[in-house]
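These notes concern the structure reproduced below.
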Amino acid sequence: EVQLVESGGDLVQIGGSLTLSCVASGFAFDGRGIGWFRQVPGKAREGVSCKSTSDSNTYYAESVRDRFTLSVDNAKNTVYLQMNNLKVEDTAVYFCAATPDGPARGVCENLSGVNYWGKGTRVTVSS
């Protein structure tokens, strides 16, 4: 069975840090695109950070660049999102997803191309 299970969401104060984890089962990240997305009520889901096997670059949305870091542990089939200097506007449910291989930016922007979604983990940044 294919699954993506996120964890690590929490309530944190402005300027704090969190690390989200996403463990995949039933498939391997190698040969795919993977990424983190987020959604707040009433707004469309958006790509936060993505990478793929065929693209050496990691894509970051402008709103999180220099604050968030995506990393992958292929041995553990786990992708992480290190989030630093959190802002109130980072409050959202965060999802990880797997897609076909392709340019990292495209993985984040083409939500219709996602093969698998996790159920999400909630991040709340309070003042």
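Numbers for residues simply follow the sequence, beginning at 1. Computed from a predicted model, the values in this text were never measured in an experiment.
To the nearest 0.5 Å, atom OG1 of residue T99 and atom CG of residue L111 are 10.0 Å apart. Note that CG of L20 and CD of Q82 are 9.0 Å apart. Values are rounded to the nearest 0.5 Å. Atom CG of residue N74 and atom NZ of residue K76 lie 12.5 Å apart, to the nearest 0.5 angstrom. Here W36 contributes atom CH2 and Y80 contributes atom OH; the two are 10.5 Å apart, rounded to the nearest 0.5 Å. Atom CZ of F68 and atom CG of D90 lie 4.0 Å apart (nearest 0.5 Å). Atom OG1 of T53 sits about 10.0 Å away from atom CZ of F29, to the nearest 0.5 Å.
By the 4.5 Å heavy-atom criterion applied to side chains, V93 and R122 are counted as neighbours. Taking the side chain as every heavy atom from C-beta outward, P100 and N115 approach each other to under 4.5 Å.
With hydrophobic clusters built from ILVMFWY side chains whose heavy atoms lie under 4.5 angstrom apart, L18 does not share a cluster with L11. There is a path of hydrophobic side-chain contacts, each under 4.5 Å, that joins V2 to V72. In this structure, V64 is a member of the same hydrophobic cluster as I34, with clusters built from ILVMFWY side-chain heavy atoms closer than 4.5 Å. No single ILVMFWY cluster, assembled from side-chain heavy atoms under 4.5 Å apart, contains both Y59 and V48. Follow the hydrophobic side-chain contacts under 4.5 Å out from V5 and you never reach Y94; the two are in separate clusters.
Across every non-hydrogen atom of K119 and F95, the tightest pair is O-CE2, 3.4 Å. Across all their heavy atoms, V40 and T91 have their closest contact at CG1-O, 3.0 Å. Shown here for G47 and A61, the closest heavy-atom pair between the two residues is O-CB, 3.6 Å. Residue C108 comes nearest to S49 through the heavy atom pair SG-C, 3.5 Å, listed as atom of the first residue, atom of the second, then distance. Across all non-hydrogen atoms, the minimal contact from G9 to T121 is N-OG1, 2.9 Å. Summarising the geometry of L4 relative to A24, their closest heavy-atom pair is CD2-CB, 3.6 Å, with the distance given to 0.1 Å.
The main-chain N or O of K51 is never found under 3.5 Å from a side-chain atom of T58 such that the two would form a donor-acceptor pair. Judged by distance alone, with hydrogens and angles left aside, the side-chain atoms of N85 form no donor-acceptor pair with the main-chain N or O of R67 at under 3.5 Å.
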task: Assess whether side chain to side chain contact (heavy atoms under 4.5 Å, CB included) is satisfied between C50 and F37, documenting all intermediate values.
output: CA-CA 9 Å; C50 300; F37 299 76; 4.0 Å; yes
query: Would Y60 and L70 count as a side chain to side chain contact (heavy atoms under 4.5 Å, CB included) if you check the C-alpha gap in whole Å, the side-chain angles of each, and the deciding distance to 0.1 Å?
result: CA-CA 9 Å; Y60 294 96; L70 184 153; 4.1 Å; yes
- request: Go through N77 and V23 one step at a time and tell me if the side chain to side chain contact (heavy atoms under 4.5 Å, CB included) criterion holds.
  value: CA-CA 6 Å; N77 228 24; V23 180; 5.5 Å; no
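When the shell of 6.0 Å around CD of Q13 is examined, it contains 12 or fewer heavy atoms from other residues, nucleotides or ligands. Annotation: R105, atom CZ; neighbour count of heavy atoms from other residues, nucleotides and ligands within 6.0 Å does not exceed 12.
Residues E46 and R38 are paired through a salt bridge, judged by an N-O separation under 4.0 Å between the basic side chain and the carboxylate.
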